[in-house]
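FYI, side chains are in, hydrogens and waters are out, and symmetry mates aren't considered; it's all heavy atoms of this structure. Just so you know, these numbers come straight off a predicted model, no measurement behind them.
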Amino acid sequence: AGFTALDGSAIDGTGKVLVLDFWATWCVPCIQEMPQLSHMYRELSPKGLALVGVAMDEEGAAVVKPFLIRHPVDYPVALGSEAVGQKYGVENLPVTIVFDRSGKLLKRFDGYTKESDLRAAIQAAL
């Protein structure tokens, strides 16, 4: 699953444990999850974690970029789309999906996810 970060760089999760976090700037539980996602990314990316925040705002970069200036995160953020949402079955936010190193779906979390639960799923795959 290739995504392009807001800065234009390609995000490649090949051979890594890939976490896709679907969020939006208006979604309160999504925003509550961001500091713990940053924390896990800083700690676990050297061990093979790839984490992408997929912003599902309809207005796209126009609202996401200013939001990220106010709420900076350590992991790359990509813009989602209706097609991406359909591909991953995203209806309500947040949705966090964990894939193992071979790209197989490992775990899906709908709604606010405790750091310990997500961390356990990631650790099992690293």
Side-chain angles (χ1 to χ4, degrees):
F3 285 90
T4 304
L6 279 173
D7 63 9
S9 62
I11 302 163
D12 187 17
T14 308
K16 295 183 174 177
V17 175
L18 174 64
V19 175
L20 298 180
D21 180 65
F22 294 89
W23 67 285
T25 57
W26 46 260
C27 165
V28 173
C30 302
I31 296 162
Q32 290 169 336
E33 286 181 341
M34 292 171 114
Q36 66 191 33
L37 291 170
S38 276
H39 178 241
M40 274 187 283
Y41 181 73
R42 280 196 306 272
E43 185 187 329
L44 300 175
S45 61
K47 298 175 183 168
L49 171 66
L51 172 64
V52 185
V54 184
M56 298 299 285
D57 290 88
E58 286 174 22
E59 303 87 344
V63 293
V64 175
K65 282 184 172 174
F67 175 89
L68 290 171
I69 291 168
R70 293 192 308 273
H71 305 270
V73 295
D74 292 316
Y75 50 89
V77 170
L79 295 177
S81 63
E82 205 173 323
V84 167
Q86 285 171 347
K87 177 179 175 183
Y88 293 101
V90 176
E91 290 174 14
N92 298 308
L93 297 171
V95 172
T96 308
I97 306 177
V98 183
F99 298 89
D100 71 10
R101 290 181 189 267
S102 65
K104 185 170 148 278
L105 174 67
L106 207 60
K107 188 106 176 137
R108 177 190 173 109
F109 298 95
D110 285 275
Y112 178 82
T113 304
K114 291 204 310 258
E115 181 174 353
S116 54
D117 293 344
L118 181 57
R119 180 180 289 270
I122 293 168
Q123 292 279 20
L126 279 176

**Student:** Take I97 and L105 through the test side chain to side chain contact (heavy atoms under 4.5 Å, CB included) and record every step on the way to the result.
**Tutor:** CA-CA 7 Å; I97 306 177; L105 174 67; 3.1 Å; yes
**Student:** Would you indicate whether the side-chain heavy atoms of L49 and I122 approach each other to under 4.5 Å?
**Tutor:**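 Yes - at least one pair of side-chain heavy atoms lies under 4.5 Å apart.
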**Student:** In terms of the angle between their ring planes, are F99 and Y88 parallel, tilted or perpendicular, with boundaries placed at 30° and 60°?
**Tutor:**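 If you compare the ring of F99 with that of Y88, the planes turn out perpendicular.
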**Student:** Treating Ile, Leu, Val, Met, Phe, Trp and Tyr as nodes and any side-chain heavy-atom pair under 4.5 angstrom as an edge, say whether V77 and V63 lie in one connected cluster.
**Tutor:**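 Yes; V63 is reachable from V77 via cluster members.
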**Student:** If I compare all heavy atoms of L68 with all of L6, which pair ends up nearest, and what's the gap?
**Tutor:**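 Shortest heavy-atom separation between L68 and L6 comes out as CD1-CD1, 3.5 Å.
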**Student:** Report the distance from atom CD1 of I31 to atom CZ of R70, rounding to the nearest 0.5 Å.
**Tutor:**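 It is 9.0 Å, given to the nearest 0.5 Å.
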**Student:** Hey, does the side chain of E33 reach the backbone of E115 with a donor-acceptor pair shorter than 3.5 angstrom?
**Tutor:**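 Not confirmed, E33 side chain does not pair with E115 backbone.
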**Student:** Would you please name every residue forming a side chain to side chain contact (heavy atoms under 4.5 Å, CB included) with K16, sequence neighbours left out?
**Tutor:**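 Listed in chain order: A50.
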**Student:** Could you tell me which non-hydrogen atom of L37 sits nearest to which non-hydrogen atom of L51, and how far apart they are?
**Tutor:**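 In terms of heavy atoms, the two residues are closest at O-CD2, 3.5 Å.
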**Student:** Could you state the interatomic distance from CG (D100) to CG (L18), rounded to the nearest 0.5 Å?
**Tutor:**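 The CG atom of L18 is 10.0 Å from CG of D100, to the nearest 0.5 Å.
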**Student:** Checking M56 against W26 for the side chain to side chain contact (heavy atoms under 4.5 Å, CB included) test, could you report, in this order, the C-alpha distance in whole Å, the side-chain angles of both residues, the deciding distance, and whether it holds?
**Tutor:** CA-CA 10 Å; M56 298 299 285; W26 46 260; over 6 Å; no
**Student:** Quick check: do M34 and H39 have side-chain heavy atoms less than 4.5 Å from each other?
**Tutor:**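 Counting from C-beta outward, M34 and H39 never come under 4.5 Å.
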**Student:** Supply the atom-to-atom distance M40 CE to D21 CG, rounded to the nearest 0.5 angstrom.
**Tutor:**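 If we round to the nearest 0.5 Å, M40:CE and D21:CG are 9.0 Å apart.
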**Student:** With R108, which residues qualify under salt bridge (Lys or Arg N to Asp or Glu O under 4.0 Å), at least two apart?
**Tutor:**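 Result, salt bridge (Lys or Arg N to Asp or Glu O under 4.0 Å) vs R108: D110.
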**Student:** Considering all heavy atoms of both residues, which atom of V90 and which atom of V95 are nearest to each other, and what is their separation?
**Tutor:**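 So the minimum-distance heavy-atom pair works out to CG1-CG2, 4.1 Å.
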**Student:** Give the intermediate values and the outcome of side chain to side chain contact (heavy atoms under 4.5 Å, CB included) for residues K87 and E82.
**Tutor:** CA-CA 9 Å; K87 177 179 175 183; E82 205 173 323; over 6 Å; no
**Student:** Which heavy atom of Q36 sits nearest a heavy atom of K114, and at what distance?
**Tutor:**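 Result for this residue pair: NE2-C, 3.8 Å.
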**Student:** Heavy atoms only: give me the nearest A61-P66 pair and the separation to one decimal.
**Tutor:**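 Heavy-atom minimum between the residues: O-CD, 3.7 Å.
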**Student:** For W23 and F67, run ring pair (Phe, Tyr, Trp, His ring centres under 6.0 Å): C-alpha distance rounded to whole Å, both residues' side-chain angles, the deciding distance at 0.1 Å, then the answer.
**Tutor:** CA-CA 12 Å; W23 67 285; F67 175 89; 5.4 Å; yes
**Student:** Not counting sequence neighbours, which residues clear salt bridge (Lys or Arg N to Asp or Glu O under 4.0 Å) with E59? List them please.
**Tutor:**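 For E59 there are no salt bridge (Lys or Arg N to Asp or Glu O under 4.0 Å) partners, ignoring immediate neighbours.
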**Student:** Report the residues that fulfil side chain to side chain contact (heavy atoms under 4.5 Å, CB included) with T14, sequence neighbours left out, ordered by chain and then residue number.
**Tutor:**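 Counting only residues at least two positions away or on another chain, T14 forms a side chain to side chain contact (heavy atoms under 4.5 Å, CB included) with D12.
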**Student:** Is the closest side-chain heavy-atom distance between L126 and L44 below 4.5 Å?
**Tutor:**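 The answer is yes; the side chains approach within 4.5 Å.
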**Student:** Hey, does the side chain of R101 reach the backbone of G15 with a donor-acceptor pair shorter than 3.5 angstrom?
**Tutor:**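 Such a contact is found between R101 side chain and G15 backbone.
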**Student:** Do any N or O atoms from the side chain of S45 and from the backbone of Y41 form a donor-acceptor pair under 3.5 angstrom?
**Tutor:**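 A pair under 3.5 Å: yes.
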**Student:** Write down the atom of A55, the atom of V64, and the distance for their closest heavy-atom approach.
**Tutor:**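 Here A55 and V64 meet closest at CB-CG2, 3.6 Å.
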**Student:** Examine V52 and L93 and state if one hydrophobic cluster contains both, with Ile, Leu, Val, Met, Phe, Trp and Tyr joined whenever side-chain heavy atoms are less than 4.5 Å apart.
**Tutor:**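 Per the 4.5 Å side-chain linkage, V52 and L93 are co-clustered.
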**Student:** For P29, which residues count as a side chain to side chain contact (heavy atoms under 4.5 Å, CB included) partner, sequence neighbours excluded?
**Tutor:**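 With sequence neighbours excluded, P29 shows a side chain to side chain contact (heavy atoms under 4.5 Å, CB included) to C27, Q32, P94, Y112, given in chain and number order.
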**Student:** Who are the side chain to side chain contact (heavy atoms under 4.5 Å, CB included) partners of A124, not counting sequence neighbours?
**Tutor:**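 Side chain to side chain contact (heavy atoms under 4.5 Å, CB included) list for A124, sorted by chain: empty.
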**Student:** How far apart are the C-alpha atoms of L20 and F3, what are their side-chain angles, what is the distance that settles it, and do they pass the side chain to side chain contact (heavy atoms under 4.5 Å, CB included) test?
**Tutor:** CA-CA 10 Å; L20 298 180; F3 285 90; 3.7 Å; yes
**Student:** Within the structure provided, determine whether V19 and Y75 are in side-chain contact (heavy-atom separation under 4.5 Å).
**Tutor:**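 Contact flag for V19/Y75 side chains = no.
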